[in-house]
Amino acid sequence: MDTVKQIVRDIPNFPKEGIVFKDITPLLADAAAFEKIIKTLKKRYSGKEIHKVVGVEARGFIFASALAYALNAGITMIRKPGKLPYKTYQETYSLEYGTDTIEIHQDALRENERIILIDDVLATGGTLAATLNLIRNNFKNVEIEEVAFLIELDFLNGREKLKGTPIHSLIHY
Ligand code: AMP
């Protein structure tokens, strides 16, 4: 993963002053790096009988899609409000300033399904904590095998917010 890590580009002060944004677009454009990521995750979850890979809008979809295909699983999308056309469940969570909401289709997961969740970056953990609440509050007997991230920003302690759920990140900063 060291070679993959080297391709991630730091963009200082994006989207606002003081934030160093981890830009994964050079990595997505690199066939060998992208293949390495998907193969590594495939190896980890093969044989776990994963029914669905849940991707978080928007960059999570990229990894969820390739991984679901590799695992012969389905994909479920966690989206910003107003994007999903069918009946949804919602979860609202606090941000530094204000709140945000995420949605999932009411028929997105079935009882006794085993799932993994995936996103590109674990920063403060707010988004994933809300995603876990959204799933746990609305779907019975869905087993969360693990939450996978490409990148974890260790210094933000996002992992603390996800306590009790197995977390796996390929790259740490
Ligand atoms: P958080 O809820 O703070 O863990 O982060 C929410 C989302 O923001 C993640 O899904 C990331 O896609 C994105 N994000 C947060 N911080 C960064 C960062 N420093 N670089 C790139 N993406 C980030």
Side-chain angles (χ1 to χ4, degrees), residues 1-30 33-34 36-38 40-41 44-45 52-68 75-84 88-105 108-109 115-138 144-173:
M1 277 300 146
D2 280 353
T3 46
V4 173
K5 188 174 180 177
Q6 280 163 20
I7 307 173
V8 176
R9 176 167 56 190
D10 280 358
I11 309 283
N13 303 316
F14 181 89
K16 51 183 179 183
E17 204 64 28
I19 293 188
V20 180
F21 192 84
K22 297 294 179 193
D23 178 16
I24 60 164
T25 59
L27 186 157
L28 295 172
D30 185 311
F34 189 61
K36 171 100 183 144
I37 290 161
I38 300 304
T40 303
L41 291 171
R44 185 172 181 85
Y45 300 114
K52 300 242 170 76
V53 180
V54 178
V56 182
E57 183 162 353
R59 287 175 298 272
F61 295 166
I62 298 166
F63 300 99
S65 165
L67 182 59
I75 306 174
T76 288
M77 293 185 284
I78 303 289
R79 299 214 63 179
K80 305 267 160 64
K83 304 275 187 185
L84 290 169
T88 62
Y89 296 123
Q90 301 193 338
E91 179 78 23
T92 296
Y93 60 104
S94 343
L95 299 171
E96 203 179 342
Y97 303 102
T99 62
D100 219 340
T101 299
I102 49 171
E103 293 190 342
I104 189 169
H105 268 162
L109 301 170
I115 64 170
I116 48 180
L117 285 81
I118 191 158
D119 202 0
D120 63 336
V121 176
L122 172 58
T124 65
T127 310
L128 237 300
T131 302
L132 290 170
N133 284 340
L134 179 66
I135 291 173
R136 291 200 173 115
N137 292 341
N138 295 296
I144 299 170
E145 172 73 22
E146 195 159 73
V147 184
F149 296 95
L150 175 63
I151 295 169
E152 179 169 349
L153 305 178
D154 296 344
F155 52 91
L156 292 176
N157 292 320
R159 204 171 260 266
E160 282 291 302
K161 277 210 186 88
L162 312 178
K163 257 192 187 153
T165 307
I167 307 294
H168 180 68
S169 305
L170 298 180
I171 298 171
H172 292 260
Y173 288 92

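Numbering starts at 1 and runs along the sequence shown. Remember, it's 1-based here, ligands and their atoms both numbered in the order they're listed.
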Kindly state each residue pair satisfying side-chain hydrogen bond (donor to acceptor under 3.5 Å, both in side chains) with at least one member in residues 55-68, sequence neighbours excluded.
Glu57-Arg79, Arg59-Asp120

Is a donor on one side and an acceptor on the other found under 3.5 Å between the side chain of Lys161 and the backbone of Thr124?
yes

Can you pull every nitrogen or oxygen pair between ligand 1 and the protein closer than 3.5 angstrom?
unit_1: ligand 1; atom_1: 2 (O); unit_2: Gly126; atom_2: N; d: 3.4
unit_1: ligand 1; atom_1: 2 (O); unit_2: Thr127; atom_2: N; d: 2.9
unit_1: ligand 1; atom_1: 2 (O); unit_2: Thr127; atom_2: OG1; d: 2.6
unit_1: ligand 1; atom_1: 3 (O); unit_2: Thr124; atom_2: N; d: 2.8
unit_1: ligand 1; atom_1: 3 (O); unit_2: Thr124; atom_2: OG1; d: 2.5
unit_1: ligand 1; atom_1: 4 (O); unit_2: Ala123; atom_2: N; d: 3.0
unit_1: ligand 1; atom_1: 4 (O); unit_2: Thr124; atom_2: N; d: 3.1
unit_1: ligand 1; atom_1: 4 (O); unit_2: Gly125; atom_2: N; d: 2.8
unit_1: ligand 1; atom_1: 10 (O); unit_2: Asp119; atom_2: OD2; d: 2.5
unit_1: ligand 1; atom_1: 12 (O); unit_2: Arg59; atom_2: NH2; d: 2.8
unit_1: ligand 1; atom_1: 12 (O); unit_2: Asp120; atom_2: OD1; d: 2.7
unit_1: ligand 1; atom_1: 19 (N); unit_2: Val20; atom_2: O; d: 3.0
unit_1: ligand 1; atom_1: 20 (N); unit_2: Lys22; atom_2: N; d: 2.8

Residue among Val147, Ile102, Thr131, Ile118 satisfying side-chain contact (heavy atoms from CB on, under 4.5 Å) with Val56
Thr131

Look at the aromatic rings of Phe14 and Phe21 and report parallel, tilted or perpendicular, splitting at 30° and 60°.
perpendicular

Tyr173 meets the ring-ring contact (aromatic ring centres under 6.0 Å, His included) criterion, sequence neighbours left out, with none

With Asp30 via side-chain hydrogen bond (donor to acceptor under 3.5 Å, both in side chains) - residues at least two apart:
none

